[in-house]
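Source: prediction; values computed, not measured. Values below: all heavy atoms of this structure, side chains included; hydrogens, waters and symmetry mates excluded.
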Amino acid sequence: MLASPDDDPASVPAPKHRTVSSALAADIDAGRLRPGDFLPSESALARRFGVARGTVRRALDELSDARELLSRQGNRWIVHRRILAQDATRLRSFGQWARAIGHEPGGRTVSGALGRATATEARTLGIRPRSPVFRLTRLQSIDDAPVMVKRTTYPEWLIPTISDLPDDARSIMEIVERQHGPQLAHGEHLISATLPTSEDARLLGVSRTTPLLRIQRAARTFDGRPFESSDDRYLATATAISIVNSARDDDA
């Protein structure tokens with residue numbers, strides 16, 4: 001018995017929401033919609049595609065949940081870059097990570113100042129309270145798009161290097177390694193979620209209700225010296241943390 005044309009899967013039209021999501025994904029892939037762009041309202045998209053708002057909402061949810069191309073900010077939908085995974089089992093600087101996954105790191109200094117270590121900074125760095133430190137706030141970017149606010153406290157031995165950095169230095173680690181050789185040998189990370197401060201929101205261009213991924217790190221050099229204590233606030237739509245675990249034989 002010959003199959004009816006209606007039995008041919010190729011002849012079955014795609015669901016309307018899938019047609020909408022595919023068209024919007026094509027706009028993103030072609031650069032007609034770029035990271036940071038807000039989409040038209042759901043009503044405007046419904047008129048464009050000749051569908052109900054519920055169909056548009058289903059398409060947008062698919063692009064957000066399944067393809068991770070959009071996120072909601074209040075009542076608006078915004079395009080964001082594909083989430084980039086960081087391997088928490090490897091100790092690398094921001095610039096080293098970005099280049100390792102095929103992207104161009106960037107950054108600019110927001111503020112920097114000499115100070116004395118607080119009790120918390122001293123404990124994290126393993127130095128004496130009130131020791132000289134240098135505090136640096138940087139806005140870090142990937143492919144020219146801001147993704148992270150980095151606040152770092154450096155110990156006394158790095159003050160001459162850090163205080164001399166050009167404001168538009170692409171990577172601090174590049175400069176440190178050029179002057180002192182490879183340094184990072186040991187790091188401890190605390191990963192959590194947080195909301196942006198007023199400064200975070202302004203620098204990253206988001207609202208105060210936008211969730212951020214917070215990574216607090218204390219790092220040491222090969223010879224055991226303190227290297228940095230940092231508090232990094234990432235756009236949650238820009239990065240994810242990858243951790244691979246394995247069971248030891250004595251855990252079996």
Side-chain angles (χ1 to χ4, degrees), residues 34-38 71-74 78-88 91-101 103-115 117-118 120-121 124-125 133-155 158-159 161-163 165-176 184 187-219 227-242:
R34 300 176 61 82
D37 288 349
F38 282 100
S71 59
R72 185 186 285 276
Q73 289 194 13
I78 189 170
V79 179
H80 62 72
R81 64 183 59 252
R82 297 179 190 275
I83 290 180
L84 307 174
Q86 291 198 55
D87 183 356
L91 184 59
R92 294 185 290 193
S93 70
F94 174 86
Q96 290 167 336
W97 162 66
R99 285 192 298 275
I101 58 175
H103 293 271
E104 186 64 24
R108 68 175 177 86
T109 297
V110 176
S111 62
L114 288 166
T118 64
T120 299
E121 289 171 330
T124 302
L125 287 168
V133 294
F134 195 89
R135 300 185 183 96
L136 190 68
T137 299
R138 301 252 302 164
L139 178 63
Q140 303 289 155
S141 62
I142 289 181
D143 300 335
D144 295 325
V147 297
M148 184 258 281
V149 177
K150 182 179 185 67
R151 295 180 178 88
T152 311
T153 301
Y154 292 96
L158 276 171
I159 288 177
T161 301
I162 302 302
S163 61
L165 287 171
D167 287 347
D168 60 351
R170 181 179 65 170
S171 169
I172 292 177
M173 188 59 67
E174 283 183 354
I175 296 173
V176 171
L184 291 185
E188 297 178 8
H189 300 77
L190 178 63
I191 302 169
S192 60
T194 190
L195 292 175
T197 64
S198 297
E199 183 179 49
D200 294 337
R202 176 176 58 82
L203 293 172
L204 293 170
V206 298
S207 72
R208 290 288 304 276
T209 59
T210 302
L212 301 180
L213 180 66
R214 184 184 189 188
I215 302 178
Q216 295 166 274
R217 180 171 83 170
F227 182 81
E228 67 175 10
S229 171
S230 65
D231 185 337
D232 302 342
R233 313 288 182 93
Y234 284 87
L235 288 173
T237 54
T239 189
I241 300 300
S242 169

>> Test side chain to side chain contact (heavy atoms under 4.5 Å, CB included) on Q216 and T124; report intermediate values, then the result.
In response: CA-CA 10 Å; Q216 295 166 274; T124 302; over 6 Å; no
> Do you know which two heavy atoms are closest between P196 and A201, and how far apart they sit?
Replying inline: CB-N, 3.9 Å
> CE/M148 to OG/S141 distance, rounded to the nearest 0.5 angstrom?
Replying inline: 10.0 Å
> Can you tell me how far the OH atom of Y234 sits from the CD1 atom of I142, to the nearest 0.5 Å?
Replying inline: 7.5 Å
> Does a side-chain heavy-atom distance below 4.5 Å link F134 with L158?
Replying inline: no
> Is there a side chain to side chain contact (heavy atoms under 4.5 Å, CB included) between L165 and L136 once you walk through the steps?
Replying inline: CA-CA 10 Å; L165 287 171; L136 190 68; 4.1 Å; yes
>> For a side chain to side chain contact (heavy atoms under 4.5 Å, CB included) check, start with the C-alpha distance between D231 and R214, then their side-chain angles and the critical distance, and finish with the verdict.
In response: CA-CA 7 Å; D231 185 337; R214 184 184 189 188; 2.7 Å; yes
>> Looking at every heavy atom in both R108 and L203, which two are closest together, and how far apart are they?
In response: NH2-CD2, 3.7 Å
>> Using every non-hydrogen atom in the two residues, find where T210 and L195 come nearest and quote the distance to one decimal.
In response: O-CD2, 4.0 Å
> Do T118 and T120 meet the criterion of a side-chain donor-acceptor pair at a distance under 3.5 Å?
Replying inline: no
>> Quick check: do F227 and V176 have side-chain heavy atoms less than 4.5 Å from each other?
In response: yes
> When you look at R217 and E228, which way does the side chain to side chain contact (heavy atoms under 4.5 Å, CB included) test go after all the steps?
Replying inline: CA-CA 8 Å; R217 180 171 83 170; E228 67 175 10; 2.5 Å; yes
> Between R170 and E104, is there a donor-acceptor pair closer than 3.5 Å when you use the side chain of the first and the backbone of the second?
Replying inline: no
> For T197, what residues pass the side chain to side chain donor-acceptor pair (under 3.5 Å) criterion, not counting sequence neighbours?
Replying inline: D200
> Looking only at heavy atoms, which two atoms of I175 and P166 are closest? And how far apart?
Replying inline: CD1-CD, 4.2 Å
> Is the shortest heavy-atom distance from the side chain of L212 to the side chain of L235 under 4.5 Å?
Replying inline: yes
> Just wondering, do T194 and R233 contact through their side chains at under 4.5 Å, heavy atoms?
Replying inline: yes
> Where is the tightest heavy-atom contact between A236 and P211, given as atom of each residue plus distance?
Replying inline: CB-O, 3.7 Å
> Between R208 and S198, what is the shortest heavy-atom contact and its length?
Replying inline: NH1-OG, 2.8 Å
> Between K150 and D232, is there a salt bridge with N-O shorter than 4.0 Å?
Replying inline: yes
> With sequence neighbours left out, what residues match S229 under side chain to side chain donor-acceptor pair (under 3.5 Å)?
Replying inline: none
